[in-house]
*Asks:* 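What follows is a structure written as structure tokens; I'll ask about it next.
Here the structure is a predicted model, which is why all the values come from computation and not from measurement. Labels below follow one simple rule: chain letters A, B, ... track the order of the sequence lines, proteins then strands, and each chain is numbered from 1.
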Amino acid sequence: MPEDTPQQTEQSLAEQVGNRRAARSRIVDLGHPAYPNRFAATSLVSDVVARWGGSDAAAIDAVPEEERRVAVPGRVLAIRKMGKAVFLDLSDGRQRVQAYVRKDGVGDGGWALLESLDLGDHVGVAGVVFRTRTGELSVKAEALTFLAKCLRPLPDKWHGLTDVERKYRQRYVDLIVSEETRRTFEIRARVVSYIRRFFDGRGFLEVETPMMQLIPGGAAARPFVTHHNALDVDLYLRIAPELYLKRLITGGFPKVYEINRNFRNEGISTQHNPEFTMLEFYTAYADARDQMALTEELLAGAAREILGTTQLPWGDETISFEAPFRRLSMKDAVVEYGRDVPGGAIRADELATLEGLKGAAERAGVESIERFGDVPGKLLAELFETLAEPNLLQPTFVVDYPAEISPLAKTRPDDPRTADRFELFVGRMELANGFSELNDPDEQAEKFRAQVAERTRGDDEAMLFDEDYVEALSYGMPPTAGEGVGIDRLAMLFTNSRSIRDVILFPLMRPKAAGR
RNA sequence: GGGCCGUUAGCUCAGCGGUUAGAGCAUCUGCCUUUUAAGCAGGGGGUCCCGGGUUCGAAUCCCGGACGGCUCACCA
């Protein structure tokens with residue numbers, strides 16, 4: 001503690017920490033190591049609950065005591081003292097079980113240890129499983145083992161941590177006291193695990209491609225820059241793995257996927273964290289339509305297996321992951337959700353011309369229209385984002401993206417201005433983006449050149465020319481469909497979380513100001 | 001970056017110009033051998049985020065700052 005900090009500042013906290021340090025000393029004086037190396041557990045709390053939770057008192061009593069004897073470790077999350085008997089709530093982070101400690105059950109030594117326990121301490125309880133007369137599953141303690149001290153007071157046992165800043169900055173505290181937070185991250189883990197099993201079971205190969213890239217490609221976003229000293233070269237943290245995964249398709253793996261972090265040096269919001277997790281999967285000899293079908297299967301299957309239903313609560317609403325999802329072209333979406341635009345509903349025929357698009361954008365309230373540089377596809381996409389995206393609650397594949405904003409996608413065979421691309425919207429968020437991959441090296445080179453031209457004009461999120469990628473395509477990439485799915489947003493949907501920070505264990509935070 | 005809101009005990013919060021800033025939980029002391037947000041009795045604990053201003057008087061009003069939340073912009 002800095003010497004210029006007045007002692008009173010943290011007197012109450014200091015007092016409580018002091019009490020806990022004193023308790024730790026007493027425990028050591030009793031002959032218990034404060035931080036022993038291991039505990040010979042017979043089971044965890046969850047195991048005890050799984051084994052006995054379904055049995056009533058009579059059924060448990062019918063089992064011989066020797067078969068009910070356990071040694072179970074856990075964190076003490078409640079202490080109810082009743083004179084010469086004490087109830088402890090013991091948690092393993094998933095379940096709780098009660099320990100019933102009587103002075104005559106653990107002896108003077110055990111009792112002395114118990115009296116120095118604080119909320120948050122780790123202990124091991126050896127004893128016999130039974131139910132109290134109120135029916136609570138409990139372990140009647142015969143011996144206590146001290147396992148680790150908690151030197152700081154835990155947050156309010158009933159309200160937990162509501163200060164969202166602290167929840168994020170000190171997730172370990174949030175996790176100790178919030179079952180809901182633990183459940184959120186368990187569901188997230190199960191989502192990822194399901195995805196791996198889904199793709200592994202369908203012959204996909206899980207791969208890992210570079211996070212540090214010389215040319216940050218595969219998406220339109222500003223990258224983070226770093227530097228490799230030995231090579232004396234700047235490197236970029238990847239904004240997407242896309243171009244490497246397609247090199248692997250060219251190399252001969254017909255189905256690949258990767259679940260890993262992307263980094264984008266952009267704003268932070270309830271839907272954006274600078275580092276986020278993306279699933280990308282590529283299927284040779286498939287097109288966008290096939291990817292959409294596979295996506296429906298993946299998401300509906302994940303919901304059913306992990307949550308037991310395809311009907312997911314989302315605030316006051318319900319999202320149905322039951323396949324098939326709705327398909328809607330971008331133009332139809334703009335017309336459908338542009339009906340109530342002041343100054344007149346958006347008409348389909350307007351969307352066919354640049355002038356029409358500009359007029360529609362003006363009526364829709366789009367600001368500084370000139371920033372779209374008279375590119376029809378950009379105007380249409382902007383109209384879509386303004387009018388339609390905020391309305392797409394139920395899973396909806398928006399198809400027929402403008403080719404100008406899809407430089408890595410194939411165009412439709414019947415319309416060179418339209419990409420064979422889709423995005424999946426759920427809960428008014430973009431969840432996935434996929435397309436039939438452009439595999440003509442000359443056309444790809446052409447589109448890279450157009451991107452570089454836009455970059456020169458000041459669009460610092462336009463793509464860079466990746467010559468090696470074009471060379472890879474020139475070796476012949478089979479027809480392929482690819483897709484990216486935002487895992488964090490999927491986790492939001494599966495856990496009814498309104499902020500991406502609620503599904504990222506340690507979201508990026510501004511450093512706390514020095515001093516306070 | 002703009003707008004709105006927030007920051008008071010370890011935690012959750014009340015107090016919103018007028019005695020010495022409160023409550024519940026936590027902590028400390030005492031009682032209690034089947035309780036469960038245990039209970040009962042008593043005690044301690046505060047730079048009211050930071051800095052300036054207005055005022056006889058500021059947690060409270062004003063200005064600036066820090067951090068956070070929501071939102072808009074940005075993120076095609």
*Asks:* Tell me which nucleotide, if any, is Watson-Crick or G-U wobble paired with B:U33 when both distances must be under 3.5 Å.
*Replies:*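 None - no nucleotide pairs with B:U33, as no candidate has both distances under 3.5 Å.
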*Asks:* Of the options B:U34, B:A26, B:C11, whose atoms approach the side-chain atoms of A:Leu119 most closely?
*Replies:*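 The answer is B:A26.
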*Asks:* Between A:Thr162 and B:U12, does any side-chain N or O lie under 4.0 Å from OP1 or OP2?
*Replies:*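 For B:U12, OP1/OP2 do have a side-chain N/O of A:Thr162 under 4.0 Å.
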*Asks:* Using atom C1' of each nucleotide, how far apart are B:A73 and B:G64 to the nearest Å?
*Replies:*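 So the two C1' atoms sit 25 Å from each other.
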*Asks:* Have a look at A:Asp104 and say if it touches a base, only the backbone sugar-phosphate, or nothing, with a 4.0 Å heavy-atom cut-off.
*Replies:*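 If one applies the 4.0 Å heavy-atom cut-off, A:Asp104 turns out to touch a base.
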*Asks:* Can you tell me if A:Ser116 and A:Arg26 form a side-chain donor-acceptor pair at under 3.5 Å?
*Replies:*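 Checked: A:Ser116/A:Arg26 side chains pair up, N/O donor to acceptor below 3.5 Å.
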*Asks:* Indicate whether any N or O donor in one side chain lies under 3.5 Å from an N or O acceptor in the other, for A:Tyr168 and A:Asp502.
*Replies:*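 Yes, side-chain donor-acceptor contact under 3.5 Å.
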*Asks:* Expressed as a whole number of angstroms, how long is the span from A:Phe87:CZ to B:A38:C1'?
*Replies:*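 Distance check: A:Phe87 CZ to B:A38 C1' gives 9 Å.
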*Asks:* Distance between the C1' atoms of B:U54 and B:G15, in whole angstroms?
*Replies:*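 Going atom to atom, C1' in each nucleotide, I get 22 Å.
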*Asks:* Are any side-chain N or O atoms of A:Arg412 and backbone N or O atoms of A:Asp400, one a donor and one an acceptor, separated by less than 3.5 Å?
*Replies:*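 Answer holds: no.
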*Asks:* Do you see a donor-acceptor pair shorter than 3.5 Å between the side chains of A:Thr132 and A:Gln98?
*Replies:*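 Not at all, the side chains of A:Thr132 and A:Gln98 share no donor-acceptor pair under 3.5 Å.
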*Asks:* Does the base of B:G24 carry an N or O that pairs as donor and acceptor with the side chain of A:Asp156 under 3.5 Å?
*Replies:*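 Side chain to base: pair found, below 3.5 Å.
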*Asks:* Please give the distance between the P atoms of B:C13 and B:G69 as a whole number of Å.
*Replies:*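 Each nucleotide's P atom is 16 Å from the other's.
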*Asks:* Look up atom CZ in A:Phe263 and atom CZ in A:Arg238, then write down how far apart they are to the nearest 0.5 Å.
*Replies:*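 It comes to 7.5 Å.
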*Asks:* Over all strands shown, is A:Tyr401 touching base, sugar-phosphate only, or nothing at heavy-atom distances under 4.0 angstrom?
*Replies:*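 Answer is nothing: A:Tyr401 stays at 4.0 Å or more from every strand.
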*Asks:* Among B:U33, B:C70, B:U34, which nucleotide sits nearest the side chain of A:Ser499?
*Replies:*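 Output: B:C70.
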*Asks:* So which nucleotide does B:A38 pair with, by the Watson-Crick or G-U wobble rule with both distances under 3.5 Å?
*Replies:*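 None - no nucleotide pairs with B:A38, as no candidate has both distances under 3.5 Å.
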*Asks:* Touch check for A:Arg131, heavy atoms < 4.0 angstrom, all strands: base, sugar-phosphate only, or nothing?
*Replies:*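 Since no nucleic acid heavy atom lies under 4.0 Å of A:Arg131, the category is nothing.
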*Asks:* What contact category does A:Lys167 fall into here, base, sugar-phosphate, or nothing, at under 4.0 angstrom with non-hydrogen atoms?
*Replies:*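 Counting heavy atoms under 4.0 Å across all strands, no contact is made by A:Lys167.
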*Asks:* In whole Å, what separates the P atom of B:G6 from that of B:A21?
*Replies:*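 Looking at atom P only, B:G6 and B:A21 are 24 Å apart.
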*Asks:* A:Lys84 has an atom NZ; how far is it from atom C1' of B:U35, in whole Å?
*Replies:*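 The distance from NZ of A:Lys84 to C1' of B:U35 comes to 16 Å, rounded to the nearest Å.
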*Asks:* Checking A:Arg498 against A:Trp314: charged group under 6.0 Å from the ring centre and within 45 degrees of the axis?
*Replies:*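 The answer is yes; both the distance and angle limits are met.
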*Asks:* Could you say whether A:Arg20 or A:Tyr100 is positioned toward the 5' end of RNA chain B, judged by the nucleotide with the nearest heavy atom to each?
*Replies:*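 It is A:Arg20 whose nearest nucleotide is closer to the 5' end.
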*Asks:* May I ask you to decide if A:Ala432's main-chain N or O and A:Arg489's side chain share a donor-acceptor pair within less than 3.5 Å?
*Replies:*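 Not a single qualifying donor-acceptor pair exists.
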*Asks:* Could you state the atom-to-atom distance from CG of A:Asp118 to P of B:C11 in whole Å?
*Replies:*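 To the nearest whole Å, that distance equals 17 Å.
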*Asks:* Between A:Ala85 and A:Lys157, just flag the one whose closest nucleotide in RNA chain B comes earlier from the 5' side.
*Replies:*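 Comparing both residues, the 5'-ward one is A:Ala85.
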*Asks:* Considering only atom P, compute the distance from B:G18 to B:C25 and round it to an integer number of Å.
*Replies:*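 Roughly 28 Å separates the two P atoms.
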*Asks:* Where along nucleotides 71-76 of chain B does protein come under 4.0 Å, by heavy atom, of base (B) or sugar-phosphate alone (S), with - for untouched nucleotides?
*Replies:* S--SBB
*Asks:* Is there a donor-acceptor pair closer than 3.5 Å between any side-chain N or O of A:Asp420 and the backbone N or O of A:Phe435?
*Replies:*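 Not at all, since once roles are kept as given, no pair shorter than 3.5 Å links the two residues.
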*Asks:* What integer distance in Å separates A:Arg133:CZ from B:U35:C1'?
*Replies:*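 So the CZ-C1' distance, A:Arg133 to B:U35, works out to 9 Å.
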*Asks:* Write down the partner of B:G6 under the Watson-Crick or G-U wobble criteria, each distance required to be under 3.5 Å.
*Replies:*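 Because both required distances fall under 3.5 Å, B:G6 counts as paired with B:C67.
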*Asks:* Distance only, no hydrogens: is a donor on one side chain within 3.5 Å (strictly under) of an acceptor on the other, for A:Thr277 and A:Arg188?
*Replies:*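 A:Arg188 and A:Thr277 do have a side-chain donor-acceptor pair below 3.5 Å.
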*Asks:* Tell me whether the OP1 or OP2 atom of B:G69 has a side-chain N or O from A:Arg498 closer than 4.0 Å.
*Replies:*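 It does not, given that no N or O in the side chain of A:Arg498 lies less than 4.0 Å from OP1 or OP2 of B:G69.
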*Asks:* Does the side chain of A:Ser12 get closer than 4.0 angstrom to OP1 or OP2 of B:G10 through an N or O atom?
*Replies:*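 For A:Ser12, the contact criterion (side-chain N or O under 4.0 Å from OP1 or OP2 of B:G10) is met.
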*Asks:* Between B:G39 and B:C61, how far apart are the P atoms? Round to whole Å, please.
*Replies:*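 Their P atoms lie roughly 36 Å apart.
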*Asks:* Grab the CZ-P distance between A:Arg80 and B:U35 for me, whole Å please.
*Replies:*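 That distance rounds to 10 Å.
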*Asks:* Which heavy atom of A:Leu508 sits nearest a heavy atom of A:Arg501, and at what distance?
*Replies:*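 Scanning both residues completely, I find the closest heavy atoms to be O-NH2, 2.7 Å.
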*Asks:* Return the value, rounded to whole Å, for the distance between atom NZ of A:Lys81 and atom C1' of B:C32.
*Replies:*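 Nearest whole value for this atom pair: 11 Å.
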*Asks:* Strictly below 4.0 Å: does A:Arg96 bring a side-chain N or O up to OP1 or OP2 of B:U36?
*Replies:*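 Looking at the OP1 and OP2 atoms of B:U36, neither is under 4.0 Å from any side-chain N or O of A:Arg96.
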*Asks:* Kindly point out which of B:U36, B:C11, B:G69 is positioned nearest to the side chain of A:Glu136?
*Replies:*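 Taking heavy atoms from C-beta onward, the closest nucleotide is B:U36.
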*Asks:* Could you give the distance separating B:A66 and B:U12 at their C1' atoms, to the nearest angstrom?
*Replies:*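 Each nucleotide's C1' atom is 24 Å from the other's.
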*Asks:* How far, in whole Å, is B:C16 from B:U8 if one measures between their C1' atoms?
*Replies:*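 So the two C1' atoms sit 12 Å from each other.
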*Asks:* If you only use heavy atoms from C-beta on, which nucleotide in B:C11, B:C67, B:G45 is closest to the side chain of A:Glu15?
*Replies:*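 Comparing B:C11, B:C67, B:G45 against the side chain of A:Glu15, the answer is B:G45.
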*Asks:* Could you state the CZ-P distance from A:Arg510 to B:G69, rounded to the nearest angstrom?
*Replies:*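 Checked: the CZ to P distance equals 9 Å.
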*Asks:* Using atom CD1 of A:Ile500 as one end and atom C1' of B:C70 as the other, report the distance to the nearest whole Å.
*Replies:*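 These atoms are roughly 16 Å apart.
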*Asks:* Report yes if a donor N or O on one partner sits less than 3.5 Å from an acceptor N or O on the other, where the partners are the side chain of A:Thr132 and the base of B:U35; otherwise report no.
*Replies:*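 Per atom types, the contact qualifies.
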